[in-house]
K.L.:
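For reference, the structure I am asking about is given below.
The structure presented is a predicted model; accordingly, all values stated were derived computationally and were not measured.
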Amino acid sequence: QVQLVESGGGLVQAGGSLRLSCAASGRTFSSYAMGWFRQAPGKEREFVAAISRSGVSTYSADSVKGRFTISRDNAKNTVYLQMNSLNPEDTAVYYCAASNTIGVVTTDRRYGYWGQGTQVTVSS
């Protein structure tokens, strides 16, 4: 079992950057594929980015490709989401999630563990 705590959210102007962090408890962090999802008011949760257990493989949604980068530090039990060139459409609660599945996981139902979320608000 793993517990996840996100941090790093906040209010930023359009064009700005934020880095989200997700700290995981436990000693088996490297055995989980990790992902970031987001949910805007009135919208369904959507996939943002995912990373494999080793960190070698990553995948990002088209809407954030070239602007967001997912990475992980297994020694620190932490996964990151670097967000650049933010725009108001990126405003949402961002969640990190952990999956026992091998590889890069883009489907939310394959994630068994979720953080509480961190709010990101981008002003125009």
K.L.:
Run the salt bridge (charged side-chain N to carboxylate O under 4.0 Å, His left out) test against D73 and tell me which residues pass, sequence neighbours left out.
P.N.:
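Residues passing salt bridge (charged side-chain N to carboxylate O under 4.0 Å, His left out) with D73: none at all.
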K.L.:
Give a yes or no answer on whether the side chain of R67 reaches the backbone of Q82 with a donor-acceptor pair at less than 3.5 Å.
P.N.:
no
K.L.:
Same cluster or not: F29 versus W36, using hydrophobic residues (I, L, V, M, F, W, Y) connected whenever any side-chain heavy atoms lie under 4.5 Å apart?
P.N.:
yes
K.L.:
Could you check V120 against M83 for side chain to side chain contact (heavy atoms under 4.5 Å, CB included), going step by step and ending with a plain yes or no?
P.N.:
CA-CA 10 Å; V120 171; M83 305 186 295; 3.9 Å; yes
K.L.:
Indicate every side-chain donor-acceptor pair of residues 6-22 with a distance under 3.5 Å to a residue at least two apart or in another chain.
P.N.:
{"residue": "E6", "atom": "OE1", "partner": "Q116", "partner atom": "N", "Å": "3.0"}
{"residue": "E6", "atom": "OE1", "partner": "Q116", "partner atom": "NE2", "Å": "3.4"}
{"residue": "E6", "atom": "OE1", "partner": "G117", "partner atom": "N", "Å": "2.9"}
{"residue": "E6", "atom": "OE2", "partner": "C96", "partner atom": "N", "Å": "2.8"}
{"residue": "E6", "atom": "OE2", "partner": "G117", "partner atom": "N", "Å": "3.3"}
{"residue": "S17", "atom": "OG", "partner": "N84", "partner atom": "OD1", "Å": "2.9"}

K.L.:
Ignoring hydrogens and angles, tell me if any N or O in the side chain of S99 forms a donor-acceptor pair with the backbone of R110 under 3.5 Å.
P.N.:
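Pair found, side chain donor or acceptor close to backbone of R110.
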K.L.:
Restricting to pairs with a member in residues 32-83, which pass disulfide (SG to SG under 2.5 Å), not counting sequence neighbours?
P.N.:
none
K.L.:
Within this structure, what is the CD1-OG distance for the pair I102 and S31, rounded to the nearest 0.5 Å?
P.N.:
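Rounded to the nearest 0.5 Å, the CD1-OG separation comes to 10.5 Å.
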K.L.:
Go through I51 and V104 one step at a time and tell me if the side chain to side chain contact (heavy atoms under 4.5 Å, CB included) criterion holds.
P.N.:
CA-CA 5 Å; I51 190 166; V104 176; over 6 Å; no
K.L.:
Got a donor-acceptor contact below 3.5 angstrom from the S57 side chain to the S52 backbone?
P.N.:
no
K.L.:
Could you list the donor-acceptor pairs under 3.5 angstrom formed between side-chain atoms of residues 58-65 and any protein atom two or more places apart in sequence or on another chain?
P.N.:
{"residue": "D62", "atom": "OD1", "partner": "K65", "partner atom": "NZ", "Å": "3.3"}
{"residue": "K65", "atom": "NZ", "partner": "S60", "partner atom": "O", "Å": "3.3"}

K.L.:
Between T28 and V2, does the side chain to side chain contact (heavy atoms under 4.5 Å, CB included) criterion hold? Intermediate values first, please.
P.N.:
CA-CA 8 Å; T28 60; V2 62; 5.8 Å; no
K.L.:
Is the shortest side-chain heavy-atom distance between F68 and L81 below 4.5 Å?
P.N.:
yes
K.L.:
What heavy-atom pair brings N74 and S30 nearest, and what distance separates the two atoms?
P.N.:
ND2-CB, 3.6 Å
K.L.:
For a 4.5 angstrom cut-off between non-hydrogen side-chain atoms, does Y95 reach V48?
P.N.:
no
K.L.:
Could you walk me through whether L4 and M34 satisfy the side chain to side chain contact (heavy atoms under 4.5 Å, CB included) test, starting with their C-alpha distance in whole Å, then the side-chain angles of each, then the deciding distance to 0.1 Å, before giving a yes or no?
P.N.:
CA-CA 11 Å; L4 306 172; M34 300 297 296; 4.0 Å; yes
K.L.:
Going by distance alone, is a donor N or O of one side chain under 3.5 Å from an acceptor N or O of the other, for T91 and E89?
P.N.:
no
K.L.:
Which heavy-atom pair separates N100 from Y32 by the least distance, and what is that distance?
P.N.:
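Closest heavy-atom pair between N100 and Y32: OD1-CE2, 3.0 Å.
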K.L.:
Using atom types as modelled, flag every donor-acceptor pair under 3.5 Å from a side chain in residues 38-45 to any protein atom, sequence neighbours excluded.
P.N.:
{"residue": "R38", "atom": "NE", "partner": "E46", "partner atom": "OE2", "Å": "2.5"}
{"residue": "R38", "atom": "NH1", "partner": "D90", "partner atom": "OD1", "Å": "2.9"}
{"residue": "R38", "atom": "NH1", "partner": "Y94", "partner atom": "OH", "Å": "2.9"}
{"residue": "R38", "atom": "NH2", "partner": "E46", "partner atom": "OE2", "Å": "3.0"}
{"residue": "Q39", "atom": "NE2", "partner": "K43", "partner atom": "O", "Å": "3.1"}
{"residue": "R45", "atom": "NH2", "partner": "D108", "partner atom": "OD2", "Å": "3.4"}

K.L.:
So which atom in Y111 and which in A50 form the shortest heavy-atom distance, rounded to 0.1 Å?
P.N.:
OH-CB, 3.7 Å
K.L.:
Is the centre of the F37 ring less than 6.0 Å from the centre of the W114 ring?
P.N.:
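Yes; W114 has its ring centre under 6.0 Å from that of F37.
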K.L.:
According to the salt bridge (Lys or Arg N to Asp or Glu O under 4.0 Å) rule, which pairs have a member within residues 50-60, sequence neighbours left out?
P.N.:
none
